[in-house]
Amino acid sequence: TELRESSFPDAKIIGVRSPNSLTQQPQLENITYITMKMGVAETFAQMFRFEPQLRNVLVVTDQSINGKSLANYAKKAWEPFASKANLILLDSNDIDVVLQHIEKLDEKDAILFMSFITDSQNRIYKSSTWNTLLALHNRAPVYGIVAGDYYGLPVDGMKGSYVGGYLWDIEHVGVELANLSIQMLEGDVPKGPVEAADVVRPMFDYQGMERFGFLKQVLPKETVIINK
């Protein structure tokens, strides 16, 4: 912050947040926030279309401010489904505890992988690390929130356990940020948070759906199929 203020005192700053995080994290001055809807509730609904007998959904997040904010978002989005299955929210950053919960799951359960970057010993987990861990310890279908290698999201190398979900499309996020940047550079600076247009896309992995027998289920309109 000090470097920015000394080198670029008049620079305009844009921050990206989910709607829920606005109530979980303090607002910083001189930052224009763009809020982007997340497709967590839609992903939950699709889980039940794929597996009507779904028993448990484990939400994987770390205990950072961002991780707790995402967990709270998932908890809120789960409310319409609370009578159908169990939502498991972990309050531990111990990787062994997380993996123990993952190992208890099977094909009738699901994982919503939101963000797990740092554990209780401050070790950093890249997507490649999670690819390995989930391939070794997991039997349940894995859903995400963001398309691509972002937030530690594991996509490849999980032996077909990644299914997808209603994901943030990073390309569309970039377009929204670029448009807002141009608007602000032209002198039109919003006074409050800006709500982005729809940046969520239903994106599902062919190999993951094939592994769990989901290919015969009805997919949402405009679904993007990956790894076919």
Side-chain angles (χ1 to χ4, degrees), residues 18-20 36-61 67 69-90 101-102 104-116 127 130-131 134 138-173 196-228:
S18 67
N20 184 68
M36 297 187 180
K37 176 183 178 294
M38 298 176 68
V40 176
E42 292 85 350
T43 295
F44 285 150
Q46 188 63 36
M47 290 180 186
F48 286 99
R49 296 188 193 102
F50 282 152
E51 179 48 74
Q53 303 303 315
L54 186 66
R55 295 178 303 203
N56 302 289
V57 177
L58 174 65
V59 177
V60 176
T61 66
S69 175
L70 290 170
N72 285 331
Y73 193 97
K75 183 178 180 180
K76 181 68 174 178
W78 182 254
E79 290 178 357
F81 311 99
S83 63
K84 296 183 177 181
N86 300 314
L87 185 71
I88 304 173
L89 297 171
L90 303 180
H101 278 82
I102 289 174
K104 295 177 182 178
L105 305 177
D106 62 23
E107 292 82 358
K108 294 293 185 181
D109 303 307
I111 293 173
L112 177 64
F113 191 100
M114 302 190 80
S115 173
F116 195 106
S127 59
W130 273 109
N131 285 337
L134 289 170
N138 176 53
R139 293 174 294 163
V142 180
Y143 298 80
I145 60 172
V146 181
D149 183 3
Y150 188 73
Y151 273 151
L153 177 72
V155 175
D156 300 316
M158 289 193 296
K159 298 182 180 179
S161 62
Y162 180 70
V163 175
Y166 281 73
L167 311 178
W168 267 3
D169 187 328
I170 296 300
E171 291 185 6
H172 284 78
V173 171
D198 184 16
V199 295
V200 173
R201 299 286 181 272
M203 304 177 73
F204 295 93
D205 187 283
Y206 184 90
Q207 295 178 15
M209 290 190 294
E210 183 177 43
R211 172 184 172 181
F212 294 106
F214 296 162
L215 288 178
K216 296 181 180 180
Q217 304 300 325
V218 177
L219 292 173
K221 293 182 179 179
E222 301 179 357
T223 293
V224 177
I225 302 295
I226 58 177
N227 289 333
K228 185 174 182 180

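Remember, it's a predicted structure, so these values are computed and weren't measured experimentally.
- Checking Thr223, Thr43, Leu167 one by one against Pro202, the side chain to side chain contact (heavy atoms under 4.5 Å, CB included) holds for a single residue, Thr223.
- To the nearest 0.5 Å, atom CG of residue Leu134 and atom CZ of residue Phe113 are 6.5 Å apart.
- Pairs engaging residues 214-224 under the salt bridge (charged side-chain N to carboxylate O under 4.0 Å, His left out) rule: none recorded [sequence neighbours left out].
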| task | Evaluate the side chain to side chain contact (heavy atoms under 4.5 Å, CB included) criterion for residues Val60 and Met114: first the C-alpha distance (whole Å), next the side-chain angles of each, then the deciding distance (0.1 Å), finally the verdict. | result | CA-CA 6 Å; Val60 176; Met114 302 190 80; over 6 Å; no
| Step-by-step side chain to side chain contact (heavy atoms under 4.5 Å, CB included) determination, Phe204 to Val163 | CA-CA 6 Å; Phe204 295 93; Val163 175; 4.0 Å; yes
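- Here Arg139 pairs with nothing under the side-chain hydrogen bond (donor to acceptor under 3.5 Å, both in side chains) rule; sequence neighbours left out.
- By the side-chain hydrogen bond (donor to acceptor under 3.5 Å, both in side chains) test, Lys108 pairs with Glu51, sequence neighbours left out.
- The side-chain heavy atoms of Leu112 and Val40, taken from C-beta on, include a pair separated by under 4.5 Å.
- Residues Phe44 and Leu87 share a closest heavy-atom pair of CZ-CD1, 4.1 Å.
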| field | side chain to side chain contact (heavy atoms under 4.5 Å, CB included) assessment of Val59 paired with Ile88 | value | CA-CA 6 Å; Val59 177; Ile88 304 173; over 6 Å; no
| Passes side chain to side chain contact (heavy atoms under 4.5 Å, CB included), His101 versus Leu105? Steps please. | CA-CA 7 Å; His101 278 82; Leu105 305 177; over 6 Å; no
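- Using a 4.5 Å heavy-atom cutoff, the side chains of Val57 and Trp78 are in contact.
- Within the 4.5 Å cutoff, the side chain of Ile225 has no heavy atoms near those of the Asp205 side chain.
- A side chain to side chain contact (heavy atoms under 4.5 Å, CB included) with Pro220 is found for exactly one of Arg201, Gln46, Met203, namely Gln46.
- We find the CZ-CG distance between Arg55 and Asn86 to be 10.0 Å, quoted to the nearest 0.5 Å.
- Residues Phe212 and Phe50 keep their aromatic ring centres 6.0 Å or farther apart.
- Remark: Leu89 CG to Thr61 OG1 distance equals 7.5 Å, nearest 0.5 Å.
- Residues meeting the side-chain hydrogen bond (donor to acceptor under 3.5 Å, both in side chains) test with Asp109, sequence neighbours left out: Asn56.
- Residues Val200 and Trp168 have side chains in contact (heavy-atom distance under 4.5 Å, counting atoms from C-beta outward).
- By the ring-ring contact (aromatic ring centres under 6.0 Å, His included) test, Tyr166 pairs with no residue at all, sequence neighbours left out.
- Of the possible polar contacts, one joining the Trp130 side chain to the Phe116 backbone as a donor-acceptor pair under 3.5 Å is found.
- Between Phe214 and Tyr206, the ring centre distance reaches or exceeds 6.0 Å.
- Take Glu79 and apply the salt bridge (Lys or Arg N to Asp or Glu O under 4.0 Å) test, not counting sequence neighbours, and it matches Lys76.
- With respect to Ser161, the side chain to side chain contact (heavy atoms under 4.5 Å, CB included) criterion is satisfied by exactly one of Glu107, Gln207, Arg211: Arg211.
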